[in-house]
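Computed from a predicted structure; not experimentally measured.
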Amino acid sequence: MRKIKNIEKEMIILIFGLVMIGLFVFKDFFFLKNVYIYNDVGNDTINSYWPYLTYLSKMIYSGDFSFWSFNIGIGTSLFSTNPILTDPFNILAALWGPHLLVYVLPYIALMKIMIAALGFYTYLKYIGVNKYASLIASLLFGFNGFIILWGQHYHMGTIIVFIPFVLLGFEKWLKEKKNILYIISLFFVSLSSYYFLYMFVAFFVIYVLIRYFEEFKFNTKTFFEYISKIAGYSILAIGLSSFILLPSIYVALNNPRINGQFFGADILSFANVIDYLTIIFRIFSNDILGTGNQFHGVWNYYEAPMLYTGTVSLVLVPLFFVHSNRKSRIIYGLLLLVLFLFLLFPFSSLLLNAFSANSYRWTFIIIVFVSIINAKSLNYIFERKLKINTGFLMILFSFFLFTSITSLLIGNDLLNWGEFFTHSFKYLFISLVLLALYCLNMKYIYISLFKRVFLILICLELASFSSITVNRVMLSKETIESSTGYNDYTKNALEYISSNDLGFYRIDKSYNSVFYADAMIQGYKGVKSYNSLNQPAYLDFLRSMEVPFKNINHPNYLTGLDSNTNLNRLLGVKYFLVNNAAILPNGYRLINESGNIKIYQDDYALPLGFAYDNFISYEEFSKFNVSERSDILLKSFVSKEVAEDALTYKSIDLSRIDASNVFNTLPLNEKNISLINIEPVNGDLGTVFTFNALNNDPQIVLPLIKNENMKRKVKLSLKFNSNISSSGQLFFGKENNFVEENTRSFNYIAGDNYLEFIFDYPDIEQMRFDISNAPGTFTISDFKMQIISNESLDDINNLKKNTFNLFSQTNDFIKGSIETDTPKKLFLSIPYDKGWKAKINGKKVDVSNINLGFIGIDLQKGDNIVELSYMPPLLIKGLLITIFSLVVILVVNIKKLRYIFRLKSSKT
């Protein structure tokens, strides 16, 4: 009975400590001063996670579960959102409803910290660690640098929560042959994130090997039996999650972002000085090198190494090697050597990110191992009441003092930290004072008073350091409840549109209410997206049409269709919302206003589906410039299956597409042309003009005669020679009123280039040609601004003769009809995905990839009732594997139970 009370006492102290530290760290959230959404370097919380969780919550409350969403870009599989929407704690937040979930997030963050710490405590007690040592080690683990910082990205900290239970489950299997806890906890790791599962496997393989050599003397037979059994249970646990895991991995492996772009990197190459300096200082604290946007270490505040497990770890880890036996010193010495090599060579970061990124997110592995060593070291101290050598502590402190100060001076000297030096010195000084206090306290740690002081000191450190990391630039309660951001007048505009139009249409905006994931939380079908795994077919289309991403070669951010009128109409962008000075193309008319937002409707927007008569091969299509390609898509579909399509459809003659009727070549008046940040070398824009860009923002501003004829467009073309590869933008608008929404972006290589832009806008009065984003020498020749014929409106009217009439539509089911007088190709502005299946008049038909990444279906003459349904690839196979794994687990454990029951019966 006394033993139980003692155990309860330690657990109560741990819970009390976790709650009190948590209340201090999260008090501003609990008292509704702020919400747990960041507006600094952690702005993924407002730009991405908040919209995605709101979408999930609305889906739960509406009961409209689907595997496809038209609210991400122009449509994609929801498995592309793993792990945001598959994390159990995110699902828990979503259950509170779209409006309350933002207030629940800090409570869930503290709950995760407590579950992680209590799970670690239970694990340590099970492997025989002293209860007071378990208490302190669990506090340190609960508020480690990874869960406190990456935990702000909600799902990113979840791996830390499940690891203690996987370890406890493994130990129960090892000692009692009980496998259920291990299987369940590893199932949750696998279910939550395939990304962290991949990293976790590396950690767990090392752990399994360590535990074998700790428990057994090496024997080939027993070793392979040991490995095969735990591998079998691991496969069953991961197999149990296959209904989520397999579709998620399929999406990831078919995405251009997961392309092994770093494969082939030099294994033994070293990192930069800043990497190693960051590693050193991140052992002391998350914030020595700055907090939030002020961080001046490698990468950024989040992507830098996270190694903090309490300043006291700098004492506990060395003491472990002083007091442990020879075998433990060898095993854990090799472990630290492996972890050191992981940090030394950047190749390990590439390897642990599957060669798709160079990130230190894997450093949670180090935190877990150091936390285990901390516990073992404390166990030696409290169990044996060891007298710790004062000289050793002094040498230890001197080493860290010298290393940290030297590193700080090196950083200031080589990297010119300047004003950041003072901040880093102040925070480092605090850490060193704490380290000195721990060293002093450690001398008499076995005395009751000093044990309490030791615990209090750790609690004070964890509370203060965690509070600095957590409480930064974030949204207030008043901000999220005001009529700004996601709650701006867009909401009213969307209500007006949806009440008057029940069809399928897309909406674009000349602004972002917050960021590119507006459509997720505001509930409309758009063209923009912020998603780590954007739909690959849509990405192919954008690249083929040279529509730029926000960051070159970084397809997370899709900013729209680059003011390309033809593409907007092709993809059914019927409404355009404007709250600034953006101008709109021909054919758009104002239908209503809501607050500061004007609602425009495009009378030439095409519906979800329509039929083509003609086709062009992808090879021929690729020979035309971008402006011509957008015209071609309104005349014929682009096919990569030429041999099959040539049997049914006509190949269109486009030999004269570049010979549009030129009504007028606009004269250039050199007096009205402004050159900004440009040094002319010779010539002028009307002939051949050579100039130097003086900085990264050279501009040529040109006046333009307004084009008020809907049947005509403005064409700008030029030959362009550059001594550098770079990118630029062409702004167009009313006089001296340029906005980001009215631009065309372009990239070019060093050498000769040809640029051409076509504008279907009536109100262009001025253009600004931003040549480059870097200084250089450039030559422009054959510069022309022309008024040309606009045939696209006639092409659109022709396409509207055979359109798809929608009967019913959900996110993953569409039904409608189309009547044709000849066999035609149905185009649907849905990105091609192998999960989409089609039926015509009840019979299954093939779905092809046309127009560079969209669904195409062959139609027969007459009435065609078309049905499309979406089922994620590998979902059914994943479900079958899940069921099979569950059956095997049940059979194995039922046999075990029967064996135990028979054994007990025989004894009685």
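In the displayed structure, Lys528 atom NZ is contacted under 6.0 Å by more than 12 heavy atoms of other residues, nucleotides or ligands. Few gaps surround CZ on Phe421; more than 12 heavy atoms of other groups in view lie less than 6.0 Å from it.
Phe420 meets the ring pair (Phe, Tyr, Trp, His ring centres under 6.0 Å) test with His296; sequence neighbours excluded. Evaluation of the ring pair (Phe, Tyr, Trp, His ring centres under 6.0 Å) rule for Phe769 yields Phe746 as partners, not counting sequence neighbours. Checked against ring pair (Phe, Tyr, Trp, His ring centres under 6.0 Å), Phe854 has the following partners two or more places apart in sequence or in another chain: Phe541, Phe827. Take Asn614 and apply the side-chain contact (heavy atoms from CB on, under 4.5 Å) test, not counting sequence neighbours, and it matches Ser636, Lys650, Ile652. In this structure Asp645 satisfies the salt bridge (Lys or Arg N to Asp or Glu O under 4.0 Å) test together with Lys825, sequence neighbours excluded. Shown here are the ring pair (Phe, Tyr, Trp, His ring centres under 6.0 Å) partners of Phe691, two or more places apart in sequence or in another chain: Phe689, Phe778.
Side-chain atoms of Asp795 never come within 3.5 Å of backbone atoms of Leu634 as a donor-acceptor pair (strictly under, hydrogens ignored).
Using cut-offs of 30° and 60° for the angle between ring planes, the Phe738 and Phe731 rings count as perpendicular.
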**Asked** Should Ile74 and Lys525 be marked as a side chain to side chain contact (heavy atoms under 4.5 Å, CB included) after you check the CA-CA gap, both sets of side-chain angles, and the distance that decides it?
**Response** CA-CA 7 Å; Ile74 61 169; Lys525 301 176 183 71; over 6 Å; no
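The residues Asp760 and Arg569 are annotated as salt-bridged, a charged nitrogen and a carboxylate oxygen being separated by less than 4.0 angstrom. A salt bridge links Lys509 with Asp518; the closest basic N to acidic carboxylate O contact falls under 4.0 Å. Between Asp770 and Arg768 there is a salt bridge, since at least one side-chain N of the basic residue sits less than 4.0 Å from a carboxylate O of the acidic one.
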